[in-house]
Amino acid sequence: MSGAVSGGPLLSVRDARVGFGTVRGLLRAVDGVSFDLQAGRTLGVVGESGSGKSVLVRSLIGLVGGGSGAVVGGQVLLEGQDLRGLSAAGLREVLGRDIGIVFQDPMTSLNPVMKIGRQIGEGLQLNRGLDGAAAARRAVELLAEVGIPEPERRAVQYPHELSGGMRQRVAIAIAIACEPKLLIADEPTTALDVTVQRQILDLLQREQRQRGMAMILITHDLGVAAGRADDIMVMYAGRAVEMATTREIFRGPRMPYTEALLRSLPRLSDVAHTRLSAIPGRPPDLARRGMGCAFAPRCTYRSDRCETEEPALTRDGARGFACFNPLAAGSRVVA
Amino acid sequence: MHWLARQVLRLAVVLLCVTLLTYLIVNILPGDVAIVILGSLATPQDIAGLRADLGLDRPMLVRYFDWLGSALSGDLGRSYRNGEPVAQAIADRLPVSLQLMVMAQIIALGIAVPAALLSVRRPGGLFDRMSASAAFGFLATPNFMLGIVLIYLFSVTLDLLPATGFTPMSESLWGNFESMILPSLTLGLIEWTVLMRVLRSDLLTTLKEDFILLARAKGLPPWRVLLLHALRPSSFTLITVLGLNIGGLIGGAVIVEQIFALPGVGRLLLGGIFNRDLILVQGTVSFIAAGFVLINFLVDMLYAVLDPRVRYVRFRS
């Protein structure tokens, strides 16, 4: 595949693996995940906590590894360039120029002792060669763009002087400052008040569309991904278990885990006080994986084969699922 | 400014307690200045007469408040031995001690900060383990021994620096510097160890924070992440220890001034103790204690300079 040619995917991930050496053996946090992301599109990566979605995405851009003792494998191509083959300095250049990232908790992801304007301008000075004054001016413009009132005043304030939602807007301004081609949003609304979650998601979507960025939206909430992502990749125990367009997922999931996730979403049409459906059991211990499907112990559709053999991700056109007993295509989930 | 008023009040109470305690301790020390001055052949009448002249026959608390009253106006009394004003004696020797401590701190920080920054680049790596070993080695060395080893090395063997003695700055700037290098090294080489360990540990904690990850995601090179993002939020324990260590540093200075024959406050104090010159000891110890408390008060203020969140809590109206 000629990735650099226009029309090829912006980001192409092949067989990504991340393992952590622990006293109980190798913990496979990400186990052979592959996907493509086209420019301008949004991929929702959905899964429970511990499913490996954050580790996967951080490992793609070299933020896992080094001192943490992580073993990272696979191939990551950004516009055809293999990020894993780059030198540390080369990777930093790509990170600063082409990739922006927004973390979960804006209380901890902003430097508490540095003024907001400087935190935004810093990347511009380093990656875009702006001088201090120009970077400061651009920081104020970016603050205005992400919807922060009185941007001149806010630029010289510290993060603790802003509310959580405002801080996340600042984090978004930092992420988009250098006009990246890929924006990674790692559970961007999980730590926020429900009332501001929607505003932040809208802001992310607006910026993504205006700038034509590709976006990876990591979330544990299918509902968050629903209106925002073009495609969805469902992860369980470090593997991609279903991959499809958002429409297809909501029309009819093939993998029982996806179905269970959908069932656990609250619905407006439910009668008040309807009990939410929960997935029984708990996610598996990654250091003690059995031979079979990781979801089998919690699955209502499991057969004997599920206990002894691990299903591979089967492709059916653009969509894929890892299951021996898939749900029929087009089977609508009605809780 | 409410916070500041509370701090100043606390400062006053602490100083009152410290001076009173010093007075009590100094007065229960065995020995009598009158005997020291008059010699062991003096008659009891002579001794009683001298004690009355010096005011030593009055009750201790009366003498304390008397002393405190004059101390507040800057008069720390006159030495029992030679009648020299105590305040003047301290003022004459203070520059030497201050220079010693400032140089020692500069040496200590000059080693500790780079060493901590280099160790956290690869925790458990060769540099980290070597600097930890070196730190524990120096920490276990008593300063009088380190001083003697340094004299042996740099003065006796290499003949680079003077072994003892002091050259005033007014006489020769370079000579003054030369005479202070070994004493400052003696103090600094022990002091850096604690500073380095504390800073290293705080840096490791800070480096796990999300904002460090974000700084790396901006494409900043590792040294920039360390210096611009990690160092300042990691320096609070360092600053605290720096303030508290002043106490140990003063204790060390007393010994080091003795070894290197520096005319500092430490030697003044030691001489006062040997001569049972209680009023001199009282003045010197109170002065040192006040200095210690004041420095820690300033350290406390420094937090607000370093951390905008502290500023916010303290000075919001």
Side-chain angles (χ1 to χ4, degrees), chain A residues 54 57-58 61-69 88-116 118-128 156-161 167 170-171 174-175 177-178 180 183-184 186 191, chain B residues 117-129 199-239 302-317:
Chain A
S54 284
V57 173
R58 287 179 190 192
I61 55 175
L63 290 184
V64 171
S68 65
L91 182 63
R92 284 202 298 273
E93 206 185 312
V94 172
L95 268 180
R97 205 185 48 215
D98 296 332
I99 300 172
I101 184 160
V102 177
F103 289 110
Q104 175 172 341
D105 187 354
M107 302 290 166
T108 59
S109 66
L110 299 178
N111 189 329
V113 299
M114 195 186 272
K115 284 176 183 157
I116 285 160
R118 250 195 87 201
Q119 299 198 41
I120 301 173
E122 192 179 33
L124 286 166
Q125 282 179 272
L126 187 78
N127 303 306
R128 293 279 178 239
V156 292
Q157 288 190 321
Y158 291 95
H160 66 267
E161 297 171 82
R167 288 189 216 188
V170 172
I174 292 173
C178 296
L183 179 64
I184 295 170
D186 188 353
Chain B
L117 288 170
L118 284 170
S119 338
V120 299
R121 282 297 304 277
R122 203 167 299 145
L126 187 67
F127 185 86
D128 191 22
R129 279 180 290 151
L199 180 60
R200 174 188 176 277
S201 138
D202 278 13
L203 273 170
L204 284 178
T205 312
T206 306
L207 287 175
K208 292 194 184 84
E209 298 273 354
D210 278 352
F211 65 83
I212 296 297
L213 211 55
L214 185 64
R216 286 172 57 201
K218 284 179 192 167
L220 300 185
W223 63 267
R224 248 185 111 134
V225 174
L226 264 177
L227 289 178
L228 266 56
H229 285 268
L231 187 57
R232 198 164 132 192
S234 307
S235 55
F236 304 117
T237 320
L238 178 78
I239 300 293
L302 204 57
Y303 291 134
V305 176
L306 279 171
D307 192 340
R309 289 167 296 181
V310 175
R311 231 174 296 161
Y312 185 69
V313 173
R314 280 185 186 170
F315 296 111
R316 110 188 115 179
S317 43

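Lettering follows sequence order; numbering is per chain, from 1. Because the structure is predicted, anything quoted here is derived from the model rather than measured.
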Roughly how far apart are B:Leu213 CG and A:Thr108 OG1, rounded to 0.5 Å? 10.0 Å
Tightest non-hydrogen contact, residues A:Leu110 and B:Phe211, listed as C-CB, 3.5 Å
Structural part of A:Leu126 lying under 4.5 Å from a heavy atom of chain B: side chain
Side chain, backbone, both or neither: which part of A:Gln104 has a non-hydrogen atom closer than 4.5 Å to chain B? neither
Identify the heavy atoms of B:Leu220 and A:Arg92 that sit nearest to each other, and give their distance. O-CD, 3.3 Å
Side chain, backbone, both or neither: which part of B:Arg121 has a heavy atom under 4.5 Å from chain A? neither
What residue pairs, at least two apart or across chains, pass salt bridge (charged side-chain N to carboxylate O under 4.0 Å, His left out) with a residue in residues 93-107 of chain A? A:Glu93-A:Arg97, A:Asp98-A:Lys181
Report yes if the side chains of B:Pro308 and A:Lys115 come closer than 4.5 Å at any heavy-atom pair, otherwise no. no
Give every donor-acceptor pair under 3.5 Å between a side-chain atom in residues 229-236 of chain B and any protein atom, sequence neighbours left out.
{"unit_1": "B:His229", "atom_1": "ND1", "unit_2": "A:Asn111", "atom_2": "ND2", "d": "3.0"}
{"unit_1": "B:His229", "atom_1": "NE2", "unit_2": "A:Glu122", "atom_2": "OE1", "d": "2.9"}
{"unit_1": "B:His229", "atom_1": "NE2", "unit_2": "A:Glu122", "atom_2": "OE2", "d": "2.6"}
{"unit_1": "B:Arg232", "atom_1": "NE", "unit_2": "B:Leu306", "atom_2": "O", "d": "3.0"}
{"unit_1": "B:Arg232", "atom_1": "NH2", "unit_2": "B:Leu306", "atom_2": "O", "d": "3.0"}
{"unit_1": "B:Ser234", "atom_1": "OG", "unit_2": "B:Thr206", "atom_2": "OG1", "d": "2.7"}
{"unit_1": "B:Ser234", "atom_1": "OG", "unit_2": "B:Ala230", "atom_2": "O", "d": "2.5"}
{"unit_1": "B:Ser235", "atom_1": "OG", "unit_2": "B:Arg232", "atom_2": "O", "d": "2.7"}

Sort out for me which of A:Ala88, A:Pro112, A:Gly123 touches chain B most, counting heavy-atom pairs under 4.5 Å. A:Pro112
Below 4.5 Å from any heavy atom of chain B, which atoms of A:Ile174 appear? Answer side chain, backbone, both or neither. side chain
Tightest non-hydrogen contact, residues A:Ile101 and B:Ala217, listed as CG2-CB, 3.3 Å
Which atom of A:Gln119 lies closest to which atom of B:Lys218, heavy atoms considered: O-NZ, 2.8 Å
